[in-house]
Amino acid sequence: MNILDTPSDRLLAAVRDLLAQKGIATTAEIQERIAITDRASPGQGARMVAKAWVDPAYRARLLDDGAKAAEELGIPMRGMPPLGVLENTPDTHNLVVCTLCSCYPRGVLGYPPFWYKSAAFRARAVRDPRGMLAEEWKTVIPDDIRLTVVDSTADYRWMVLPMRPDGTDGWSEEQLAAIVREGDMIGVTVPTIG
Amino acid sequence: MTATAFAFAPGDIVRVKDDWPERRGPAHIRTPYYVRGVQGQIVRHLGDFPNPEDLAFGRPAEPRPLYHVRFKKGVIWAEDRADDALLVEIFGHWLEKP
């Protein structure tokens, strides 16, 4: 029988059985990983960003080792690739892309959105990032700000630490986390209020 | 060969090899086309990871150093702003001193 003709659910069950029989991964481990992946969402990354905005020591730890900083907030990172965090500053804006496939910081942002996987985004993010950001996202990077496009090509995953918007003095971590969106942590947008 | 055979230090000027293994047969390459043969600068050593070119085919994969390499965008695409940059993860065995 051709493998392509096999119903996918039967194929999946067979692979899972083989993984268990060969002692590579138990059914419970696979279920746990599926549950962790399903639970991950941009809200987790947003909590990390908000904490970094109010706590300079946490910000330093986040920039040093993103995965450790995530685990500090109870976000499970076991078995995930290392997480690097790139900070936007008054001089530099960062944009994350994976031109080769769709590498994405799933542990802290969840499943990649459809546009992140599109050929159009992947090509234009490296070739014409300022044009793409302005036309597709209404994100205009001023001429005096340097743009760094981070092509996530190998074993690391990358997340952007955006700048805290003006007008948020005195806000709680919860209030701050609520304004941080998925795109802000990839660099296609920046956090705004109101 | 050990990981130290492909060692570079932050600040080193490097060139990505102008090599095209995918023309010689089945290959799994994590080095984007647009940086092949291009000069850049080592930002930092990210760690050592099993060579994906072997890992993808289920072969024994020895650890290789992975670097964050910064490229000036204008070097790759002439019409681009000189100050903009591309930051790409490149394995040490793809890098050479120019």
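No hydrogens, no waters, no symmetry mates; every other heavy atom, side chains included, goes into these values. A note on names: the letters A, B, ... follow the listed sequences, proteins ahead of strands, and every chain is numbered from 1.
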- Task: Following the transitive rule for hydrophobic clusters with a side-chain heavy-atom cut-off under 4.5 Å over Ile, Leu, Val, Met, Phe, Trp and Tyr, establish whether W137(A) and V160(A) coincide in one cluster.
- Result: yes

- Item | Under 4.5 Å from a heavy atom of chain B, the part of N94(A) involved | neither

- Any link between V190(A) and V149(A) through a network of hydrophobic side chains (Ile, Leu, Val, Met, Phe, Trp, Tyr) touching at under 4.5 Å? no

- In terms of heavy-atom contacts, does CZ of R146(A) have more than 12 from other residues, nucleotides or ligands at under 6.0 Å? no

- Reported CZ-to-CG distance for the pair R81(B) and L147(A), which is rounded to 0.5 angstrom: 8.5 Å

- Going by heavy atoms in the side chains, are H68(B) and V150(A) under 4.5 Å from each other? yes

- Heavy-atom donor-acceptor pair, R30(B) side chain to T153(A) backbone, under 3.5 Å: yes

- Please state whether the side chain, the backbone, both or neither of P32(B) comes within less than 4.5 Å of a heavy atom of chain A. both

- Note on the structure: In terms of heavy-atom contacts, L87(B) and T148(A) come closest through CB-CG2, 3.9 Å

- Task: Would you mind checking which part of I29(B) comes under 4.5 Å of any heavy atom in chain A, side chain (CB onward), backbone (N, CA, C, O), both or neither?
- Result: backbone

- Query: In terms of heavy-atom contacts, does CG of D9(A) have more than 12 from other residues, nucleotides or ligands at under 6.0 Å?
  - Reply: yes

- Considering only heavy atoms, which portion of T92(A) lies under 4.5 Å from any heavy atom of chain B: side chain, backbone, both, or neither? neither

- Got a donor-acceptor contact below 3.5 angstrom from the K73(B) side chain to the V126(A) backbone? yes

- Write down the atom of Y34(B), the atom of T99(A), and the distance for their closest heavy-atom approach. CE2-OG1, 4.0 Å

- Measure the shortest side-chain to side-chain distance between F91(B) and D155(A) over non-hydrogen atoms and say whether it is less than 4.5 angstrom. yes

- Any donor and acceptor pair, going by atom type alone, linking the side chain of D151(A) with main-chain N or O of V88(B) inside 3.5 Å? no

- Item | CZ (R78(A)) with more than 12 external heavy atoms under 6.0 Å | no

- Message: Less than 4.5 Å to any heavy atom of chain A: does that hold for the side chain of Y33(B), its backbone, both, or neither?
- Response: neither

- Note on the structure: If one checks every heavy atom of R127(A) against chain B at 4.5 Å, the contacting part turns out to be both

- Whether over 12 other heavy atoms sit under 6.0 Å from K72(B) NZ: no

- Is it the case that one hydrophobic cluster holds both M132(A) and W115(A), taking links as side-chain heavy atoms less than 4.5 Å apart, direct or via other members? yes

- Item | Contacts of F49(B) that satisfy ring-ring contact (aromatic ring centres under 6.0 Å, His included) - sequence neighbours left out | none

- Are Y111(A) and L109(A) joined in one hydrophobic group, where the rule is that I, L, V, M, F, W and Y side chains link up if heavy atoms are under 4.5 Å apart? no

- Message: Which atoms of L86(A) are under 4.5 Å from chain B, going by heavy atoms: the side chain, the backbone, both sets, or neither?
- Response: side chain

- Message: At a 4.5 Å cut-off on heavy atoms, which part of L66(B) comes close to chain A: side chain, backbone, both, or neither?
- Response: side chain

- Task: Verify the cluster assignment for M77(A) and L73(A): are they in a single hydrophobic cluster under the rule of side-chain heavy atoms below 4.5 Å apart?
- Result: yes

